Amino acid sequence: MPHPYQCLLYCSRPGQAEAGILVASSGPYIHTFNVHNGTYLSTWPSGQETGKSSKDDATAELGSGVTAETETHQEDSQRPRKRQKLSPPRDDSGSSTEIVVNGEDEDGQNRRLKPAISPPVIKLAGTSNGHHVVAVTGEDKCIRVFELLEDGCLIQLSERVMPKRPCAVVLTPDESTLLCADKFGDVHSLPLMGQTHEPILCSADDKQGLENGSKEPPQRDFVPSASSLTVHTKGNREALRQQQKIKNPKAEKKSLNFDHQLLLGHVSLLTDVTCVSISSSNKMRNYILSSDRDEHIRVSRGIPQAHIIEGYCLGHTEFISKLCIPPAHPHLLISGGGDESLFLWDWHPGKIRQKLDLRRPVEDLKRRHGLEPASAKPTIRDQEAAVSGDLEDKFAISNIRVHDWSSSKVNKLETGIIVSCEGIPALFHFRIDTEAGKIEHMGTYGPLEGNVIDVAVIQDQGAVVYSMDTVHEAFSTTTVATDQVQKERFPIGVMKITENARSNMCMQQHQHPQLITAMEQCIQRQSFIPENLTAKGKSMRDLLYGLESLRKRGGEEQNVRDD
């Protein structure tokens, strides 16, 4: 089946509005598109060599048919462009996808590109100047940094494997450092342009091994930490004797072979992290905000004092999945999670300005779709279903995106917010009223063709691009749609931010046929990915809908940590 776009990122370069590039990940592939004319640009991996990509390689991988325009005339002296056919991998037992190209190379041999062995991309981030893109793959716990060329090609600069699976990645305000949060609860800092190096061996034995030409530290015999002086009971003494008989060498913990620093940690599963700079006492100060599964938002100082906790923002009753700080209002924080509400904070003092419930607009959507919403007072059966985890009426906020909008009514720049929820085929539009200190609901746009997965704001064009789930039924994360419905759905949609008759900002469906066609043809022409091969040991549902696994069920108190 064609894999939906699970991550979207818009990259623009200052002063080059027509050169805006949309970066979209579909399974293990990263595609780039020109937003202005809607043409396909390139794909990573190119299929030739992991870590390198060029426009020619990308064209050879997906073919010229991805673009809306095709060449109709060719010189007789030129060799005609090869026609490509993409097929699924031959071995259904593998976890990689394969690109097959029909035709012969210069030597007359059948040509087959290397399989894409990278796991699915779960996070995308980019610099404000549009020169670099950061991609996170969860299965191999890897952070890759790419250079984004003007023609849309991605060139891999570094590849760093973290000790635990990353769940969030963000750039510091100076964009020279990456903050990587993992589900174990730690936040590390890494230089954006850092490279891997040989690990340094510090102990005397390690130095001796290095002098002997060995790159790995020598293995040491296992020695139990307990002794006969600390063990008193009969059972423990017997266990100690058994441990002392162990002759297996003690496994040494390998250190990371790149520059990194542990900044802070949570005792709970960490869900999101962001950072901001604000002026305090005529001096710019940096702060790191991190959220976890236990309803906490921690405010810490920036590097190098990240171990100092400034305070907490407490008020959520379920896990927190998303943090967002509007660039135009750095003193405000917008958060959302499994309690189906948007929170507006004065984050530095930790005060709640507003709590906005999204339950009512979601129920209105379901009525329009022909679904009966849950009753206001849940029955005993509903309560039992909620404890056992079978109640599908719950939802969680999955994306919070900010856009600036110039209002002719007040003649100033206003800030809007685009919100999407997991398993909900709609976009929710809000405006920040800084004078009143609250969020105003501007409109709900749906039901759409499919559940919204990710959202990207094209600021210089006043548009919003959103990717949709083409596999599952609307309002469901478990029911698979029919083959006919999947074929009729578009993988993305475009909304235009406009001004209505009352000079209030709103969104309208925008026709961008070139971009929509290019992105649809792109995933249709890439390898069809069986659902059991989207990720190692995981289904496509687990990749697209992972927030509900954070919800505590049946009085669960123990945090689940993902290694």
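All figures in this text were calculated on a predicted structure; none of them were measured in a lab.
For Glu520 and Gln524, the side-chain atoms include no donor-acceptor pair closer than 3.5 Å. Judged by distance alone, the side chains of Thr477 and Glu548 never bring a donor and an acceptor atom under 3.5 Å apart. Residues Asn399 and Tyr466 have side chains that never bring a donor and an acceptor to within less than 3.5 angstrom of each other.
Side-chain atoms of Glu139 do not come within 3.5 Å of backbone N or O of Pro120 as any donor-acceptor pair.
Residues satisfying the side chain to side chain donor-acceptor pair (under 3.5 Å) test with Thr271, not counting sequence neighbours, are Ser291. The side-chain contact (heavy atoms from CB on, under 4.5 Å) search around Cys142 returns Thr137, Asp140, Arg144, Glu159, Val161, not counting sequence neighbours. Partners of Ile122 under the side-chain contact (heavy atoms from CB on, under 4.5 Å) rule, at least two apart in sequence or in another chain, are Val136, Arg165, Leu543. Annotation: side-chain contact (heavy atoms from CB on, under 4.5 Å) contacts of Thr444 (sequence neighbours excluded): Pro361, Leu365, Ala426, Phe428, His441. The side-chain contact (heavy atoms from CB on, under 4.5 Å) test applied to Pro327 returns Val402, not counting sequence neighbours.
Residues Arg551 and Glu318 are paired through a salt bridge, judged by an N-O separation under 4.0 Å between the basic side chain and the carboxylate. By the 4.0 Å N-to-carboxylate-O rule, Arg160 lies too far from Asp259 to be salt-bridged with it.
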* **side chain to side chain donor-acceptor pair (under 3.5 Å) evaluation trace for Ser128 with Glu175** => CA-CA 8 Å; Ser128 59; Glu175 296 189 339; 3.0 Å; yes
* To do: Let me see the working for Arg13 and Asp460 under salt bridge (Lys or Arg N to Asp or Glu O under 4.0 Å), right down to the final yes or no.
  => CA-CA 10 Å; Arg13 303 193 176 187; Asp460 47 25; over 6 Å; no
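Between Val480 and Gln486 the shortest side-chain heavy-atom distance falls below 4.5 Å. Residues Ile492 and Tyr5 form a side-chain contact, since some pair of their non-hydrogen atoms from C-beta on lies under 4.5 Å apart.
Judged as a ring pair (Phe, Tyr, Trp, His ring centres under 6.0 Å), not a single pair has a partner in residues 150-183 (not counting sequence neighbours).
Here the closest non-hydrogen pair linking Gly152 and Ile21 is CA-CD1, 3.7 Å.
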